Amino acid sequence: MPQLFWITLAGMAGVLAVATTAGRLLARRAGPENTTVLNLNQRINAWWVMTAVGGAALVAGKHATIALFLVCSFFALREFITLTPTKEGDYSSLVLVFYVALPAQYVVLAMEWYGLFAILIPVWGFLVISAAAAFAQDTADFLERNAKIQWALMVCVYGLSHAPALLLLRIPDYFSGNGPLLLYFLLVVQSSDVFQYVCGKIWGLTPLSPKVSPNKTVEGLVGGGLLAVLLGLLLHGLTPFAPWEAALMSLVTVAAGVIGGLVLSAVKRSLGAKDWGEMLAGHGGMLDRVDSICFAAPVFFHLTRFFFVP
């Protein structure tokens, strides 16, 4: 791993240490009953865990990272299906989704079989899971039920699997393993969410989409997005991109992540839920944390593959 990779990890730990200290001081001043400060400290504690686990997986290498994302996909998929009404006739489809399609996607990824990785779920998964649902012979709301299952698979498995798929790319004159590139992508996407949250709390006045995501504001989006792009520009040394290319890639990544967050918020609202789950204190469920990654990862992966892989 390059020196900048370790410096970046150390910088992340330093930022979290400062945030932890500030959070504890705020808690002492505001008292234990202040829900805003409590939520802030829960978020910081969760970030410690996520940073430690993610950093350890990146250092351990390709297979550890792929295994980590497989676990994330499983929990995100479970949350999606849990909130989505299913019937007895969906049993065979759900078995295929959880115990065939999900592990197969990541096994193919570990084998570096890009051709099958790209079409396994959107082509073969679509055909086989639809056929299984038809053989179950439950036609009530057939299209709606199958669309929900296919949607869950595409978002939680296919979309999210494109993040560790960055490790497959063979980029000339770049670091072996591509770990720094994946770290860069995750930092841009996740920092955008954090910066939008902070900017929205400080300056947010204009609701971005009040019926879909009441807490998001235009000021938070603009301020947080620009800060994430600036971070992407400053960390361009982790990538094969020139500084201006890093800025553009960060901008596109932030935009895709915002769209992902809004789309999955709309899905939650349609199901009458505030969060996808309660797995990560202060954040909600796993899918609440990775929703932006599910949409941004395929965009970042294919742009990188198209422009930087011969």
Side-chain angles (χ1 to χ4, degrees), residues 1-17 19 44-76 103 105-112 114 117 156-157 159-171 173-194 228 231-241 246 249-250 253-254 257 279-280 283 286 289-305 308-309:
M1 294 292 184
Q3 184 178 16
L4 183 57
F5 176 88
W6 300 106
I7 292 174
T8 303
L9 287 182
M12 293 166 62
V15 169
L16 285 174
I44 294 170
N45 292 336
W47 273 116
W48 272 112
V49 175
M50 290 186 287
T51 301
V53 173
L58 285 173
V59 172
K62 180 184 76 172
H63 291 99
T65 303
I66 291 173
L68 174 62
F69 275 91
L70 185 153
V71 172
C72 292
S73 279
F74 175 83
F75 284 114
Q105 179 75 358
Y106 283 94
V107 167
V108 169
L109 177 58
M111 294 170 61
E112 301 191 14
Y114 171 76
F117 167 82
C156 302
V157 181
L160 190 56
S161 67
H162 278 77
L166 290 168
L167 303 178
L168 272 65
L169 298 177
R170 297 292 177 259
I171 304 172
D173 303 319
Y174 185 61
F175 309 115
S176 62
N178 290 5
L181 182 61
L182 178 54
L183 176 63
Y184 175 86
F185 165 75
L186 293 174
L187 273 174
V188 171
V189 175
Q190 297 298 305
S191 69
S192 175
D193 288 347
V194 174
L231 179 65
L233 174 62
L234 293 174
L235 294 177
H236 75 274
L238 289 171
T239 75
F241 315 143
M249 290 289 283
S250 297
T253 301
V254 168
M279 184 177 181
L280 301 172
H283 295 268
M286 176 64 72
R289 186 66 273 141
V290 301
D291 53 3
S292 54
I293 298 177
C294 293
F295 277 64
V299 175
F300 187 89
F301 173 87
H302 287 289
L303 285 176
T304 303
R305 184 174 183 271
F308 296 95
V309 177

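If you're wondering where the values come from, they're calculated on a predicted model, not measured in any experiment.
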Worksheet item: How far apart are the closest heavy atoms of V309 and R170, and which atoms are they?
Response: CG1-O, 3.7 Å

Practice prompt. Assess the pair F117 and H162: is the distance between their ring centroids shorter than 6.0 Å?
Written response: yes

Worksheet item: F185 and L238: side chain to side chain contact (heavy atoms under 4.5 Å, CB included), yes or no, with the steps?
Response: CA-CA 10 Å; F185 165 75; L238 289 171; over 6 Å; no

Worksheet item: Which atom pair, heavy atoms only, marks the closest approach of I293 to P298?
Response: O-CD, 4.2 Å

Worksheet item: How far apart are the C-alpha atoms of L70 and Q105, what are their side-chain angles, what is the distance that settles it, and do they pass the side chain to side chain contact (heavy atoms under 4.5 Å, CB included) test?
Response: CA-CA 9 Å; L70 185 153; Q105 179 75 358; over 6 Å; no

Discussion item. Suppose we call two aromatic rings close when their centres sit under 6.0 Å apart. Are F241 and F308 close by that rule?
Written reply: yes

Discussion item. Return the CG to OG1 distance between L187 and T253, rounded to the nearest 0.5 Å.
Written reply: 12.0 Å

Response to the item:
So CG of N178 and OG1 of T304: to nearest 0.5 Å the spacing works out to 9.5 Å

Practice prompt. Start with the C-alpha distance between V189 and F295, add both sets of side-chain angles, then the distance that settles side chain to side chain contact (heavy atoms under 4.5 Å, CB included), and finish with yes or no.
Written response: CA-CA 10 Å; V189 175; F295 277 64; over 6 Å; no

Worksheet item: Looking only at heavy atoms, which two atoms of S292 and D193 are closest? And how far apart?
Response: OG-OD2, 3.0 Å

Worksheet item: Considering only heavy atoms from C-beta outward, does the side chain of M12 approach that of T8 to under 4.5 Å?
Response: yes

Practice prompt. Tell me whether the guanidinium CZ or amine NZ of R289 lies under 6.0 angstrom from the six-membered ring centre of F75 and within 45° of its axis.
Written response: no

Fill in: Nearest-0.5 Å distance that lies between atom CZ in F301 and atom CG in L167
10.0 Å

Worksheet item: Do the side chain of S191 and the main chain of V188 share a donor and acceptor less than 3.5 angstrom apart?
Response: yes

Practice prompt. Measure the spacing between CD of Q190 and CH2 of W47 and express it to the nearest 0.5 Å.
Written response: 4.0 Å

Practice prompt. Start with the C-alpha gap between F69 and I66, add the side-chain angles, then the distance that decides, and say whether side chain to side chain contact (heavy atoms under 4.5 Å, CB included) holds.
Written response: CA-CA 5 Å; F69 275 91; I66 291 173; over 6 Å; no

Worksheet, complete the sentence: Minimal heavy-atom distance between Y106 and P164, with the atoms involved, is CE2-CG, 4.1 Å

Worksheet item: What pair of heavy atoms forms the shortest contact from A57 to L68, and how long is it?
Response: CB-CD2, 3.8 Å

Fill in: Side-chain touch P180/P2, heavy atoms, less than 4.5 angstrom
yes

Fill in: Exam field: side chain T239 to backbone L181, donor-acceptor pair closer than 3.5 Å
no

Fill in: Spacing of CZ belonging to F5 relative to CG belonging to L183, to within rounding of 0.5 Å
5.5 Å

Worksheet item: Roughly how far, to the nearest 0.5 Å, is CD1 of I171 from CG of L166?
Response: 8.0 Å

Worksheet item: How would you list all residue pairs meeting salt bridge (Lys or Arg N to Asp or Glu O under 4.0 Å) that involve residues 57-72, not counting sequence neighbours?
Response: K62-E112

Worksheet item: What are the two closest heavy atoms between A19 and I44, and how far apart are they?
Response: O-CD1, 3.3 Å

Worksheet entry | Sidechain-backbone polar pair: Y184 side chain, G232 backbone, donor-acceptor under 3.5 Å | yes

